[in-house]
Peer 1: 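I am attaching a structure below and will ask some questions about it afterwards.
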Amino acid sequence: MSSSVNGSDLFELARDRDELAIADKKPLFSRNEAVSEALRCLYCVDAPCIKACPTEIDIPTFIRRIGTGDVSGSALTIFAQNTLGASCARICPVEVLCEGSCVYTGWHRDPIKIGRLQRFATETAALPASALPRTGAKRAKHVALIGAGAASLACAAELVLHGHKATIFEKKKFGGGLNTSSIAPYKLHADDALAEVAWIAEMGVELHFGVAFGKELRGEELLSEYDAVFIGVGLGEDSRLGIPGEDGKGVVGAVEWIEQMKLASSPKRALGAVVVIGGGNTAIDAARECAQLGGDVTLVYRRGLEAMSAYAHEVEAARKDGVTIAVDQTPRRFVHDASGNLSGVAFAQTGAPSETIFPAQLAIVAIGQSKVRGIAEQFPGVEVNARGSIVADPKTGVTGNDRVFAGGDSVNGGKEVVNAVAAGRDAARALIARWAGATQLALAI
Amino acid sequence: MADLSIEFAGIKSPNPFWLASAPPANTGDQVMRAFDAGWGGAVWKTLGDPIVNTSSRFGGIDYGPMKMMGLNNIELITDRPLEVNLREIREVKKRYPNHAVIASLMTQTKEDWKVLIRRVEDAGCDGLELNFGCPHGMCERGMGSSVGQEPRLAEEITSWAREYAKTPVLVKLTANTGDIVEIAEAVVRGGAHGLSLINTIKSIIGVDLDRLVPLPRVGNAATNGGYCGPAVKPIALQMVAALAREKSIGVPISGIGGIGDWRDAAEFIALGSTSVQVCTAVMHYGFRIVRDMIDGLSSYLDAQGMKSVNELRGRAVGAYKEWGDLDLNYQVVAAIDSQTCIGCQLCVVACNDGAHQCIFTGREEKARPTHAHTVGLAKPPSPFPIGAIAGDRVPWVDEPECVGCNLCQLVCPVTGCITMREVPSDSVDSWNDRVRDGRDRIPGGIHE
């Protein structure tokens with residue numbers, strides 16, 4: 001087992017990784033831009049933007065504080081509800097969350113640019129981890145967290161800020177989960193995601209990397225050594241189509257490809273023709289990233305446009321990036337040439353027998369991710385539903401075992417990072433409340 | 001198109017829009033460019049004994065995204081030689097014989113006034129404006145507002161000016177006085193042909209919180225300045241109206257204070273101004289703003305069926321009453337248009353925290369606050385007002401409790417969404433009526 005490290009010490013990012021060729025689409029606001037945007041905010045009462053935020057950040061208040069020049073106070077307002085407020089500011093689909101519910105939107109005016117203001121506050125304030133307010137616990141408890149993604153980080157941060165101890169075990173060599181390995185580079189680059197992990201480590205969260213749960217680490221071990229366990233493992237490998245040629249060269253799962261693009265050293269070969277298979281937000285991400293890296297990209301989806309689960313604004317943005325979108329095409333097989341290199345993907349018009357071959361040097365399969373198996377059975381009482389997700393209370397994250405909590409993609413099947421943050425934080429709050437109650441009870445006796 | 005020309009105590013002007021005595025009327029070049037832009041007159045930057053100015057001089061106060069809601073300055077009277085100003089006045093009058101050029105003056109001894117008045121009248125100015133208003137710097141030297149705060153002194157100096165002047169004498173009054181009518185009556189007794197008000201208000205515009213020095217900062221110190229701009233308009237309107245309705249005054253008024261567009265000008269004219277003077281808006285946006293003032297005022301007069309701006313003058317003065325004359329039976333209640341409401345609920349918090357607790361959200365009955373006029377529960381309207389934009393975030397008004405204060409309408413960001421609906425009443429009853437009939441009394445008053 002590796003020693004306690006902060007998020008960026010252990011993992012060395014490749015200096016020539018592809019993601020660096022893609023610049024921020026929404027750069028940091030200048031102070032002037034931020035203040036003038038902040039002053040547009042109506043400061044609504046019982047504001048709809050707060051209700052639309054899974055972590056219920058007090059948005060009008062943090063915006064008002066930008067307007068009055070109290071940027072630190074603004075950042076503290078954000079972190080009070082969301083310790084990953086810096087990354088959420090950049091990766092949240094604000095169009096369908098806070099900004100989508102801004103009263104200006106209904107009024108057919110531009111909504112307040114909440115995401116960019118949140119980025120301005122968190123990034124400009126640059127608060128040290130020690131600046132976050134802390135409360136002590138009567139008796140410090142110790143929680144083990146499996147996985148170092150958003151859910152576990154938010155849960156651990158909340159625990160340590162309330163006087164408890166938190167130790168995270170991560171299978172990979174880096175922390176941050178999808179924030180590090182999967183977020184589109186024009187939103188967030190891996191180094192910024194790792195810096196956030198380091199910041200949370202500074203709060204006092206202990207992180208261990210390269211620890212495979214189930215092998216080096218057993219459920220019974222955690223239950224005997226720690227007061228509680230939080231499962232925040234996210235999802236597993238890319239799902240497979242199960243069609244001929246899928247194991248050949250040039251065919252890759254979306255999550256795997258994106259992780260390579262974001263983290264690994266790149267040979268800088270031209271991408272050429274790319275076919276992305278799928279209709280969700282990950283498919284759109286992969287397609288846009290390939291287009292931004294110079295690929296000639298076609299996104300192919302088996303059903304109609306209206307059935308795509310990707311956000312409409314993302315589909316539109318993909319078109320603007322130059323992605324061609326083909327619908328009602330079912331993938332049949334991957335076509336390789338005599339030397340074994342991918343040359344195309346054969347599709348059938350959905351419901352028709354004839355095949356069309358889309359030329360491709362790279363095929364990215366983005367049809368979802370499998371579930372992480374084998375975690376739940378290590379903990380007595382923890383159940384998994386028919387879809388492979390861990391069963392946990394939506395408010396508290398408590399599973400069938402009252403010392404085991406879970407949250408994030410492994411429970412909700414795959415939602416936004418901000419949903420994982422909310423789930424992790426809420427699990428921590430449930431534990432904090434439970435232990436505070438227990439202490440009070442003990443004192444009463 | 002309505003006739004905008006005016007005659008102010010004998011001074012003719014193609015329109016009522018004059019530059020106030022201030023930085024925009026500092027030089028002949030500025031005044032001529034202003035006349036080219038459409039200004040009808042200019043009151044020249046105050047002439048007097050040479051002074052030395054500070055750097056810096058101005059400070060602004062912003063409101064939300066709007067810059068310079070108020071402006072404060074510590075600049076003194078002209079710092080240019082008198083000869084240069086006189087030469088330029090002569091030049092301007094030669095080139096613009098039909099525009100009004102008024103010389104603002106400030107000096108000390110009777111002899112000084114005599115010399116100064118002779119020289120500016122020789123240069124061809126159409127009238128004089130005695131600066132009894134400046135609240136910074138000059139007042140420390142016994143001039144400006146230190147004169148305007150002493151009725152006896154103000155009356156005497158006005159009478160000196162009358163003794164020497166061949167052109168009309170206007171007196172510019174300070175707002176830094178307890179009773180504007182008292183000082184106005186004094187200068188009218190002294191012979192003033194007209195009054196200009198208000199001059200700037202004594203102020204500190206802000207504090208540099210890093211250095212802990214007030215603003216505008218001159219090195220490591222600061223002094224009080226004169227406050228003007230949109231923020232002072234309500235103060236100026238009241239003072240103008242107070243003089244316009246006072247029978248003992250009876251001389252034309254040049255209204256000054258936060259005028260930036262034709263509406264502001266029309267309001268000052270309706271409250272009794274013959275001409276209006278503008279400074280801050282020109283300092284902010286330039287001489288070009290007069291186009292809107294000319295066209296906007298003309299269109300307004302046309303729409304009102306008035307052939308001349310003189311028909312508008314003083315038309316709202318009669319409706320400016322004492323509080324005791326107001327009809328206590330007049331009642332309005334707030335009405336929220338659910339279709340245009342955006343659901344910000346600023347009216348809800350304003351009413352509940354800042355006013356009289358009669359706007360609510362949600363579909364449940366609400367307990368009325370204990371001090372309510374009518375006891376019991378506030379009942380949401382049926383059917384519940386679902387909005388086009390805000391859905392069921394549209395608030396509702398507990399009408400029996402609404403006192404008609406207007407606050408909700410004032411905070412609503414959507415123009416026209418909240419209206420104040422008049423509740424018919426069949427009788428009129430004022431406080432004065434009540435006192436007169438013995439139904440109420442003025443504690444400690446003469447009716448006791």
Side-chain angles (χ1 to χ4, degrees), chain A residues 29-53 56-74 95-114 116-117 120-121 124-125, chain B residues 60-69 206-210 215 336-355 357-364 366 385-397 407-418:
Chain A
F29 267 153
S30 69
R31 194 168 292 267
N32 268 340
E33 286 172 317
V35 169
S36 68
E37 182 66 7
L39 293 176
R40 286 179 62 224
C41 176
L42 291 174
Y43 200 41
C44 291
V45 177
D46 190 23
C49 54
I50 303 178
K51 292 178 177 168
C53 173
E56 295 179 298
I57 292 171
D58 186 349
I59 293 164
T61 296
F62 96 67
I63 291 178
R64 190 172 179 81
R65 289 181 176 180
I66 293 174
T68 66
D70 179 12
V71 181
S72 298
S74 178
E95 294 85 348
V96 298
L97 296 175
C98 51
E99 293 182 20
S101 71
C102 174
V103 297
Y104 277 129
T105 303
W107 202 10
H108 305 295
R109 281 150 174 79
D110 284 344
I112 302 298
K113 295 186 175 64
I114 299 168
R116 298 190 73 174
L117 288 173
F120 172 81
T124 307
Chain B
I61 181 165
D62 303 336
Y63 192 75
M66 297 301 290
K67 300 292 283 184
M68 231 162 82
M69 171 188 80
V207 175
D208 179 332
L209 287 177
D210 296 321
L215 295 167
I336 300 170
D337 175 22
S338 63
Q339 297 309 295
T340 53
C341 172
I342 58 170
C344 69
Q345 299 187 355
L346 288 174
C347 57
V348 179
V349 78
C351 184
N352 281 282
D353 292 2
Q357 298 86 42
C358 71
I359 302 185
F360 299 104
T361 58
R363 294 169 192 232
E364 304 79 38
K366 311 280 175 173
I386 298 292
I389 298 169
D392 57 7
R393 282 182 59 84
V394 180
W396 49 273
V397 179
L407 185 64
C408 54
Q409 184 188 38
L410 299 179
V411 301
C412 179
V414 183
T415 307
C417 174
I418 299 183

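Residue numbers begin at 1 in each chain, while the letters A, B, ... track the order of the sequences.
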Peer 1: Tell me, side chain or backbone of A/Pro48 under 4.5 Å from chain B's heavy atoms, or both, or neither?
Peer 2: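 Looking at A/Pro48, backbone and side chain both touch chain B.
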Peer 1: Would you give the length of the straight line joining atom CZ of B/Arg393 to atom SG of A/Cys44, rounded to the nearest 0.5 angstrom?
Peer 2: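 Between atom CZ of B/Arg393 and atom SG of A/Cys44 there are 6.5 Å.
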Peer 1: Can you tell me which residue among B/Ile342, B/Val414, B/Ile389, B/Leu346 is in a side-chain contact (heavy atoms from CB on, under 4.5 Å) with A/Val103?
Peer 2: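 It is B/Ile342; the other options fail the test.
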Peer 1: Check whether any side-chain heavy atom of B/Thr361 lies under 4.5 Å from a side-chain heavy atom of A/Val45, and answer yes or no.
Peer 2: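 Answer no - side chains too far apart.
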Peer 1: Minimum heavy-atom separation for A/Leu39 and B/Pro65, please, with both atom names.
Peer 2: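 What the structure gives for the nearest pair is CD1-N, 3.8 Å.
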Peer 1: Within the supplied structure, the quantity of interest is the number of heavy atoms (other residues, nucleotides, ligands) at a distance under 6.0 Å from A/Lys51 NZ; does it exceed 12?
Peer 2: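 Yes.
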